[in-house]
Amino acid sequence: MIQTTSREPRSLSSDILVYFAAETGKKTPDCADPDIRKILRVPWKNGDFSGKEGQVFLIYPSMAAGLHKKDIRAGRILLVGLGKPEKLDSARREQLRLAAGTAARKGIDLKAKEMVVVLPDSVDLPSRQMAECVTEGLILGNYRFDKYKTKSEDEDGTGAVERFILHPGSHGESAVRKGMTRGRHAALAACTTRDMANEPGNGWTPERFALYGNRLAREYGLRCQVLDKQEMEKLGMGGILAVNQGSATPPRLVILEYRTRKKNPTLMLVGKGLTFDSGGVSLKPASGMEEMKYDMCGGAAVMAAMEAIAQEKPAGINVVALVPATDNMPSGTATKPGDIITHYNGKTSEIINTDAEGRLILADALAYGVEKFRPDGVVDLATLTGAVIIGLGHHHTGLLANNDQLAGQLLRAGELAGEPLWRLPLGREYRKQLKSEVADLKNTGGRPAGTITAACYLEEFVGEVPWAHLDIAGTAWNFTEKSYIPKGPSGIGTRTIINLVLHWKNLGQPGGGKD
Ligand code: BES
Ligand code: MN
Ligand code: ZN
């Protein structure tokens, strides 16, 4: 679906040949081909195409005087604006993703099957990163989910682009190939997250997480272990069992291990795999309830990131992923408000609201994983609270952590991925809101600081281990409209986690985090 070439761009016959141009304000655009520069002279001077972010300009070689004689074999030439030169590397990376996403979308509009994309010279980034980000933008922007459309999308002419060919421009081909490979792994993982999330509650069941985990184990030599309901009962995972109690579909706890050397640090990932959240007996309103099929986006991100990690094979780190998976349904057997449950670590909890279920399944997975794998750091991802949408909207993921170095590494990983995080505080004062009269904890802390009290609940189950929690309820779907993020699930968190793992610095050592 994506490859590199070193052949002269104009000699390649494709549907569209893409060049990027920055908004430099200079006399001519910074397109590498002198003939195309010439053709652009008038539109550039008029400001019809000035390289602004999101701008596109189409040239038909057959219509442009002189060009048809120059052996340009592409059906069309597409210029895509990069916007103004950016100061920060993370902003430059985002600029490339956005422009590449715009190119892919335009390709879909024009029913292109094959596009040749020439890397720009004008963005000040190492060639590898440049290729990585352009690749991500192309693949993420080209995403479609049409599995359940019986009429093929091709008939509507909106099928995805089949093949991208990356031309290195003035960059070294080997660096470009390396960057492209990493970008492809990361972007395809994020697309896998989107695919899982797009599946409805009757399609993506807990067992599907198990099947995916087993496939990764077979394909990449990871270790996959799946705990079923009976094993959870034996282990005393009262949280997952309580959430599953009203359901006709059995729960799963999927555990995937990427192992290097024993002496290497272990990072533990936990993702909320709530395949449908009706709220349970504390039923949610009907309007918009269908969106609660997305309540497994944290689990999806964690699992899909493991595939990219298995492909990239970082040498100095072990990664374990746990996904507690169940739906949350009301029924005669369902957990009731007031019920008291016992978590894996023995802590008891009074269920005030059965709709605060994410923390219940995460608590067991966290306590079990911390005990079993003795990780050096823990990161969980969850669509945990509506409150984070009130606080941060759809443009930042909430980050809460008991460790500044881990928080710093995550902030940086999110910045590199174009998935910004914003840290919120934790603290004793907030934890008080979870005090119960009859149990160790209650599962809701009232309206104030709902995202923080939810994180406080989780904190009870990680002990002293460095831990960070990402509340992706606002960013997992209907995320900031971007060229490379379509409507529906964004795949958020997947690439942040991949970056975190690939740039991992041991905690407690100098350079372990930017804080
Ligand atoms: N899955 C929801 C959180 C959510 C809400 C995600 C809206 C995305 C959009 C979670 O299980 C939930 O229901 N949380 C409750 C907690 C409350 C009962 C303390 C919430 O946020 O309302
Ligand atoms: Mn809920
Ligand atoms: Zn939920």
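Numbering of ligands and ligand atoms starts at 1, following listing order.
Taking the charged nitrogens against the carboxylate oxygens, Arg412 and Glu415 do have a contact shorter than 4.0 Å, which makes a salt bridge. Here Asp404 pairs with Arg423 in a salt bridge; the nearest charged N to carboxylate O distance falls below 4.0 Å. A salt bridge is defined here as a Lys NZ or Arg NE, NH1 or NH2 lying under 4.0 Å from an Asp or Glu carboxylate O, and Asp228 with Arg252 fails to meet this definition. Checked for salt-bridge contact, Glu132 and Arg184 miss the test: no charged N lies under 4.0 Å from a carboxylate O. Arg92 and Glu86 are not joined by a salt bridge, as no carboxylate oxygen comes within less than 4.0 angstrom of a charged side-chain nitrogen.
Polar contact check, Thr385 against ligand 1: no nitrogen or oxygen pair lies under 3.5 Å apart. Among the atoms of Arg359, none of the N or O lies under 3.5 angstrom from an N or O of ligand 1. At a 3.5 angstrom cut-off on N or O pairs, Glu357 counts as close to ligand 1.
The closest approach between Ile389 and ligand 1 falls below 4.0 Å for a heavy atom of the residue. By the 4.0 Å heavy-atom criterion, Phe276 is excluded from the residues contacting ligand 1.
Looking from atom 17 (C) of ligand 1 to the surrounding protein, the closest heavy atom is Ala356 CB, 4.3 Å. Looking only at protein heavy atoms, the nearest one to atom 14 (N) of ligand 1 is Leu384 O, 3.4 Å. Annotation: atom 19 (C) of ligand 1 to nearest protein heavy atom, Thr444 CG2, 3.6 Å. Nearest to atom 8 (C) of ligand 1 among the protein's heavy atoms is Trp477 CH2, 3.3 Å. Among all non-hydrogen protein atoms, the one lying nearest atom 22 (O) of ligand 1 is Gly386 N, 4.4 Å. Looking only at heavy atoms of the protein, atom 2 (C) of ligand 1 is closest to Asp277 OD2, 3.6 Å. What sits closest to atom 18 (C) of ligand 1 on the protein, heavy atoms only, is Asn353 ND2, 3.5 Å.
The minimum distance between the Mn ion (ligand 2) and any N, O or S atom of Glu357 involves atom OE1. The Zn ion (ligand 3) lies closest to atom OE2 when only the N/O/S atoms of Glu357 are considered. The minimum distance between the Zn ion (ligand 3) and any N, O or S atom of Asp277 involves atom OD2. When you scan the N, O or S atoms of Asp295 for the one nearest the Zn ion (ligand 3), you land on OD2. Among the heteroatoms counted here (N, O or S) of Asp277, OD2 is the one nearest to the Mn ion (ligand 2).
In this structure, Thr383 contributes its side chain and Ile472 its backbone to no donor-acceptor pair below 3.5 Å. Without hydrogens or angle criteria, Asp471 side chain to Leu384 main chain gives a donor-acceptor distance under 3.5 Å. A donor-acceptor pair is defined here as one N or O able to donate and one able to accept, closer than 3.5 Å; such a pair exists between the side chain of Thr335 and the backbone of Ala242. Here the side chain of Asn198 pairs no donor or acceptor atom with the backbone of Asp195 at under 3.5 angstrom. Looking only at distances, no side-chain donor or acceptor of Thr397 sits under 3.5 Å from a matching main-chain atom of Leu470.
When Met292, Arg447, Lys284 are checked for heavy-atom proximity to atom 7 (C) of ligand 1, Met292 turns out nearest.
Residue-ligand proximity, Lys272 to ligand 1, at heavy-atom distances under 4.0 Å covers atoms 1 (N), 10 (C), 11 (O). Using a 4.0 Å cut-off to heavy atoms of Ala473, the atoms of ligand 1 that qualify are 6 (C), 8 (C).
Under a cutoff of 6.0 Å and an axis angle of 45°, Arg194 and Phe145 do not form a cation-pi pair.
Just one of Asn443, Asn244, Asp295, Thr326 meets the side-chain contact (heavy atoms from CB on, under 4.5 Å) condition when paired with Glu357; it is Asp295.
For the Mn ion (ligand 2), the N/O/S atoms of Asp295 include none lying under 2.8 Å. Distance check for Leu274 against the Zn ion (ligand 3): none of its N/O/S atoms falls below 2.8 Å.
Contacts of Tyr457 with ligand 1, taken as heavy-atom pairs under 4.0 Å, are absent altogether. Contacts between Asp355 and ligand 1 below 4.0 angstrom, taking non-hydrogen atoms only, involve backbone and side chain alike.
Ile341 and Gly238 get closest at one heavy-atom pair: CD1-O, 4.0 Å.
In this structure, Tyr294 and Trp477 have tilted ring planes: the angle between them lies in the 30° to 60° band.
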